[in-house]
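Structure first, commentary second.
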Number of protein chains: 2
Amino acid sequence: MIKTAKDIFSEFLTRKGLRQTKQREQILDEFLAAKAHFTIDEFYNILKKRDQSIGSATVHRNLRLLCEAGLAEEIKIGSGKARFELTFGQPHHDHLICLKCGRFIEVFDNQIEILQGKLAEANDFLPQKHKLEIYGYCRQCR
Amino acid sequence: MIKTAKDIFSEFLTRKGLRQTKQREQILDEFLAAKAHFTIDEFYNILKKRDQSIGSATVHRNLRLLCEAGLAEEIKIGSGKARFELTFGQPHHDHLICLKCGRFIEVFDNQIEILQGKLAEANDFLPQKHKLEIYGYCRQCR
DNA sequence: GGTAATGATGATAATTATTATCAATAGGAA
DNA sequence: TTCCTATTGATAATAATTATCATCATTACC
Ligand SMILES: [Mn+2]
Ligand SMILES: [Mn+2]
Ligand SMILES: [Zn+2]
Ligand SMILES: [Zn+2]
């Protein structure tokens, strides 16, 4: 039987001695339905439509929990505002980011990944993760 | 005759109709002497030793001006705090960043640069700049 | 099922980084 | 020197996130 994101999060909570709450369920539901690269307040506004009483601190706290559980990843681009995306079941990728319209284009180049590993190794460096962002103009905006 | 960073900045100011000020001269001096990847407040503290009266808004404003003039570049890493480094006369490079001690290791791999260009092209994307950061553990910290 | 222990929530305040405002100052063209 | 206005520094404002804490709700235990 294959594990769903809900299974993963539920097991993560149990393992950490954390509790299942209505808010955590709502947040996970909306997170799985949301489009990638959202900002916290975009996400917070979606959640408020469903539950007027939810607090922004709870959204912050639980998005970070989703990251800890390995389901989400934080992306920090120029503005400083944190964005998140689903990583569970998604292959690793990097981003082309349009300077005009803000679009994120997801890309992957295995050759670059390999060369990055070699570059780290050549510097006695043990890589854990990386961020490659290419800024420029997309087809519609160039 | 070869242009110094001071020449570049001076010409930039003239071209933009901006004024030469004591603060701008101090900031450029210390910027050229500073070690790379400093945060604004690290830099601000250095400047205050020289001129107790300098304001932090002035430092912010003028570091951004140095970027506009093409002498500096802003680096935003995890913490959200902006860092700057001298780019004038320095070849382009990327960074390995130690998760434990915070060290920045400067690296360059031409093959990666070329593949990045191809990756952008394959997506109808006109690249302007990029950021490659590999996070992990340096020799001393692994 | 009932209940106590304690983790989670949401309102609010605090913090951190940066930017805007504005009266006073000073660069520099004429 | 005069005058215009860009610049400065103090301060307030903004923006994003995090800490605090009284109250609430989940869960382990009887
Ligand atoms: Mn993505
Ligand atoms: Mn560098
Ligand atoms: Zn675009
Ligand atoms: Zn290190």
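None of the values given here were measured: they were computed from a predicted structure. Note on naming: letters A, B, ... go to the chains in the order of the sequence lines (proteins, then strands), and numbering restarts at 1 for each one.
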_Can you pull out the residues from residues 16-42 of chain A that lie within a 4.0 Å heavy-atom distance of DNA chain D?_
A/Arg19, A/Gln20, A/Ile40
*Could you check B/Ile134 against B/Asp94 for side chain to side chain contact (heavy atoms under 4.5 Å, CB included), going step by step and ending with a plain yes or no?*
CA-CA 9 Å; B/Ile134 303 179; B/Asp94 295 302; over 6 Å; no
*Are any of B/Asn62's side-chain N or O atoms less than 4.0 Å away from OP1 or OP2 of D/dT7?*
no
*Contact under 4.0 Å: B/Arg64 side-chain N or O vs C/dT19 OP1/OP2*: yes
*With the side chain of B/His60 defined as its heavy atoms from C-beta on, choose the nearest nucleotide among D/dT18, C/dT9, C/dT18.*
C/dT18
*Measure from the side-chain heavy atoms of A/Ile54 and tell me the nearest of C/dG10, D/dA16, C/dA20.*
C/dG10
Can you tell me how far [atom2] of [N] sits from [atom1] of [X], to the nearest Å?
X: A/Gln52; N: C/dT9; atom1: CD; atom2: C1'; result: 16 Å
X: A/Leu47; N: C/dG10; atom1: CG; atom2: C1'; result: 14 Å
X: A/Arg61; N: C/dG7; atom1: CZ; atom2: P; result: 14 Å
X: A/Tyr44; N: D/dA15; atom1: OH; atom2: C1'; result: 15 Å
X: A/Leu13; N: C/dG7; atom1: CG; atom2: P; result: 14 Å
X: A/Asp51; N: D/dA25; atom1: CG; atom2: P; result: 12 Å
X: B/Lys81; N: D/dT17; atom1: NZ; atom2: C1'; result: 14 Å
X: A/Phe12; N: C/dA8; atom1: CZ; atom2: P; result: 11 Å

*Does CD in A/Glu73 sit with more than 12 non-hydrogen atoms of other residues, nucleotides or ligands closer than 6.0 Å?*
no
*Taking only residues two or more places apart in sequence or in another chain, which ones pass side chain to side chain donor-acceptor pair (under 3.5 Å) with B/Lys129?*
none
*asked:* Does the plane of the ring in A/Phe9 sit parallel, tilted or perpendicular to the ring in A/Phe12? Use 30° and 60° as the thresholds.
replied: parallel
*For the pair B/Phe31 and B/Phe43, name the ring-plane relationship: parallel under 30°, tilted 30 to 60°, perpendicular over 60°.*
perpendicular
*Got a salt bridge between B/Asp51 and B/Lys22, using NZ or NE/NH1/NH2 to carboxylate O under 4.0 Å?*
yes
_Pair A/Asp7, A/Ser10 - check side-chain hydrogen bond (donor to acceptor under 3.5 Å, both in side chains), show working._
CA-CA 5 Å; A/Asp7 296 333; A/Ser10 181; over 6 Å; no
_For a quick check of understanding: with a heavy-atom distance under 4.0 Å over all strands, which category does A/Ser56 fall into, base, sugar-phosphate or nothing?_
nothing
